[in-house]
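Encoded as structure tokens, the structure appears first; notes follow it.
Each chain gets a letter, A, B and so on, in the order its sequence line appears, and its residues count up from 1.
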Protein chains: 2
Amino acid sequence: MPMSDSGNTDILIDISTAILRAHEGELQFRALEDAGKSAKRLPFGPFMPDRHRTMEISLRQWVREQVGVDLAHVEQLYTFADQGRYRSGESDERHVVSVGYLALARAEDAGGGAWDNLYRHFPWEDWRNGRPDVLDAVILPALDNWLGQHDHAAERVRLAFGRSEAQWDEEFVLERYELLYQAGLIEEAARDGRITPPPQMALGAPMQLDHRRILATALGRLRGKLKYRPVLFDLVPDRFTLRALQETTELVIGASLHKQNFRRLVEKSGFVEATGETNRARGRPAELFRFRHGNRADRPLAGLRVSGGRKTSRAP
Amino acid sequence: MPMSDSGNTDILIDISTAILRAHEGELQFRALEDAGKSAKRLPFGPFMPDRHRTMEISLRQWVREQVGVDLAHVEQLYTFADQGRYRSGESDERHVVSVGYLALARAEDAGGGAWDNLYRHFPWEDWRNGRPDVLDAVILPALDNWLGQHDHAAERVRLAFGRSEAQWDEEFVLERYELLYQAGLIEEAARDGRITPPPQMALGAPMQLDHRRILATALGRLRGKLKYRPVLFDLVPDRFTLRALQETTELVIGASLHKQNFRRLVEKSGFVEATGETNRARGRPAELFRFRHGNRADRPLAGLRVSGGRKTSRAP
DNA sequence: TTATTTATACTCAAAATGAGCATAATTGAG
DNA sequence: CTCAATTATGCTCATTTTGAGTATAAATAA
């Protein structure tokens, strides 16, 4: 972006969308397969400014028509313009800038098509059953080793992965992914020619292009947003039990919560109201709630702060 | 972004940067003047992908060389691609997509050049001396009136501006700006031909293009980020008194805080350490602190939650 | 010296949080 | 029909965190 003269590079903008839903105990995203490629990809397509007034509107329409999903929430994530890092091997002579979007869908509105388990691509992010083994078994040793030649990154590693317990900030999804990429623990890094491939170490299932980075951005953003906007309700059905809402929350943040406190939190928030109906399932029937749009709460919107799972273990 | 065929529209990407600093009791941004135009603008320039590896790196360099400011923090805000809304009257036949950035500078590193008071463009956002008069005198009545023909927006208005007291969410800067724009209370709306101009009502100082929208995005983002990342320290000098840190916080959030509680919050956060030195000023000398990089705090980063100013007045 | 100004220390009640225990309302097995 | 298992919901309680003061300390200016 220098001084004058608007260099006449041809630029192509494409829009890539991480469409998430909560379904069958998994946090899933819409994944497409291309013949001949084992790695999947996100739905994406070129942005044509002469045909669409805004990116978001056209994205919604395009996703509904081409991907068959009705989107509840849509949010722009980030514009990736790095050159020469991803997309090596592609043969478009134009420069590609890609705008990443996060979209949420309710399982009901999700149509057919293939959905993939998000945590299959980010196994180190799922702490619902405690600290993932891969962290101590693979990631931390490998990062320690990598830090040998790259000790300037020590602070970043400490921040992203913590050292001891309870230092894990679940929002740092992207920071962790990028560190793993740079340290050569991500298959895409080898593919992009960034590092000699150590394929036996590759963590999580790879994806095409930089789509795993977009997914990481999406997950991090969603985890953050949860805490201050009622975005969860775009992932659950119209009527839901508190149990379902909690499960969805746990899916997103990748940690488990204390049931009674979660209930207290949600009820107090003013976001939900009981419908009077109940569901029928295994144990005692649960009351069905619905999202309360015009919330009368004092605090404007707020979100849900997490609690349980990981110990808050303060140093002695 | 439809199905196939990558329509051959020429696209120009430019990068516009809201560079903020805290100086002389004001939240300021770097503003440029163009001969013959009364409205100012943000620094911006074309992005040329063949010359720069990433937008952020080139932005830093370009801002240092061309604008004379050393940036502390840089963060991508949003990519605006709306067509036909802003930039009417410009005569570039190419479609312009603009990527907005937020950058923070310390007053010391800010060089010469013109800086403008941010709240001059957003007078309704500054609550440091209580609720701004313009809200009840102009904005709410005008919005009420506008809602007559546009009652579908009632919920948005309620959310953005609250109805009674203490419903104000300081992060909704962009939502408020866009509502005012749509309601024709913003001069840019008349300029863009969106509304018959009622110039006696125009709120805040206008800017060129959509730069006030970018500023609104920047302020909203910064206010949000404050609360969960230690980004404040990119606005204060190397050593600072707690008083200075508090003033900076108040500038950003546009509200005043309780001094003793702010001190408690900051000290407990683990972000600062005393240097032993003190400053000399009017009253009792204050201790000088510095930012503590390798924070030993348990909670990964956290930020500063606000308190004082506006009453928390819960309904009776 | 004294009033003024700013910084810092402490207190205290109210609210929020983290962790349990206790009880209620179902279904499925025998 | 009764009991065990299962899930939902209600309630308690100690601890922290927050909001709002009061009190004291260390300067400067008059």
Side-chain angles (χ1 to χ4, degrees), chain A residues 25 165-166 227-228 239-250 253 255-289 297-299 302-316, chain B residues 25 165-166 227-228 239-247 249-250 253 255-270 272-289 297-299 302-316:
Chain A
E165 296 302 301
K227 285 162 197 147
Y228 60 100
R239 338 219 121 182
F240 48 85
T241 63
L242 292 187
R243 159 69 140 159
L245 188 64
Q246 177 176 348
E247 251 181 33
T248 304
T249 312
E250 293 175 333
I253 65 173
S256 52
L257 302 172
H258 182 285
K259 179 148 60 160
Q260 296 94 321
N261 290 350
F262 181 81
R263 159 176 291 267
R264 176 175 65 189
L265 189 67
V266 172
E267 284 184 325
K268 199 187 44 180
S269 77
F271 284 137
V272 301
E273 59 188 3
T275 62
E277 301 163 72
T278 56
N279 76 341
R280 62 289 157 7
R282 193 78 87 74
R284 170 175 172 173
E287 181 136 37
L288 286 170
F289 290 80
D298 270 347
R299 30 166 70 178
L304 305 173
R305 265 153 229 290
V306 300
S307 74
R310 264 163 283 150
K311 297 290 164 282
T312 322
S313 75
R314 341 202 108 259
Chain B
E165 296 302 299
K227 285 162 198 148
Y228 59 100
R239 340 217 120 182
F240 48 84
T241 63
L242 292 187
R243 161 70 140 158
L245 188 64
Q246 178 176 349
E247 251 181 34
T249 313
E250 293 175 333
I253 65 172
S256 53
L257 302 172
H258 183 285
K259 180 149 58 163
Q260 298 93 319
N261 290 350
F262 181 81
R263 158 175 293 267
R264 177 176 64 188
L265 189 67
V266 172
E267 284 184 325
K268 197 188 45 180
S269 77
V272 301
E273 58 189 2
T275 63
E277 301 162 72
T278 57
N279 75 343
R280 63 290 159 3
R282 194 78 88 72
R284 168 175 174 175
E287 180 137 36
L288 287 170
F289 289 79
D298 270 347
R299 31 165 70 181
L304 306 173
R305 264 151 229 289
V306 301
S307 73
R310 264 162 285 151
K311 298 292 164 280
T312 323
S313 74
R314 340 203 110 259

What is the separation between atom [atom1] on [X] and atom [atom2] on [N], rounded to the nearest whole Å?
{"X": "A:F262", "N": "D:dT7", "atom1": "CZ", "atom2": "P", "value": "17 Å"}
{"X": "A:N261", "N": "C:dG20", "atom1": "CG", "atom2": "C1'", "value": "9 Å"}
{"X": "B:L257", "N": "D:dA20", "atom1": "CG", "atom2": "C1'", "value": "14 Å"}
{"X": "B:K227", "N": "D:dT17", "atom1": "NZ", "atom2": "P", "value": "20 Å"}
{"X": "A:Q246", "N": "D:dT7", "atom1": "CD", "atom2": "P", "value": "13 Å"}
{"X": "A:L265", "N": "C:dA19", "atom1": "CG", "atom2": "C1'", "value": "15 Å"}
{"X": "B:E247", "N": "C:dT6", "atom1": "CD", "atom2": "P", "value": "10 Å"}
{"X": "A:H258", "N": "C:dT17", "atom1": "NE2", "atom2": "P", "value": "14 Å"}

With a 3.5 Å cut-off and heavy atoms only, can you find an N or O donor on one side and an acceptor on the other between the side chain of A:Q260 and the base of C:dT17?
no
Is there, by distance only and without an angle test, a donor paired with an acceptor across the side chain of A:R264 and the base of D:dG10 below 3.5 Å?
no
Any side-chain heavy-atom pair of [X] and [Y] under 4.5 Å:
{"X": "A:F262", "Y": "A:T249", "answer": "yes"}
{"X": "B:T278", "Y": "B:L288", "answer": "no"}
{"X": "B:F240", "Y": "B:E247", "answer": "no"}

For B:R239, is the CZ atom crowded, meaning more than 12 foreign heavy atoms sit under 6.0 Å from it?
yes
Looking only at heavy atoms, the pair that brings B:H258 and B:Q246 closest together is C-NE2, 4.1 Å
Heavy-atom pair with the smallest gap, counting every atom of B:E287 and B:A274
OE2-CB, 3.4 Å
side-chain hydrogen bond (donor to acceptor under 3.5 Å, both in side chains) involving A:R284 - partner list, sequence neighbours excluded
none
Short heteroatom pairs, N/O only, protein and nucleotides 25-30 of chain D, under 3.5 Å:
from	atom 1	to	atom 2	distance (Å)
D:dA25	O4'	B:R284	NH1	3.4
D:dA25	N3	B:R284	NH1	3.2
D:dT28	O4'	B:R282	O	3.0

Is there a side-chain polar atom (N or O) of B:K268 under 4.0 Å from OP1 or OP2 of D:dT18?
yes
Please state whether the phosphate of C:dT6, meaning OP1 or OP2, lies under 4.0 angstrom from any side-chain nitrogen or oxygen of B:K259.
no
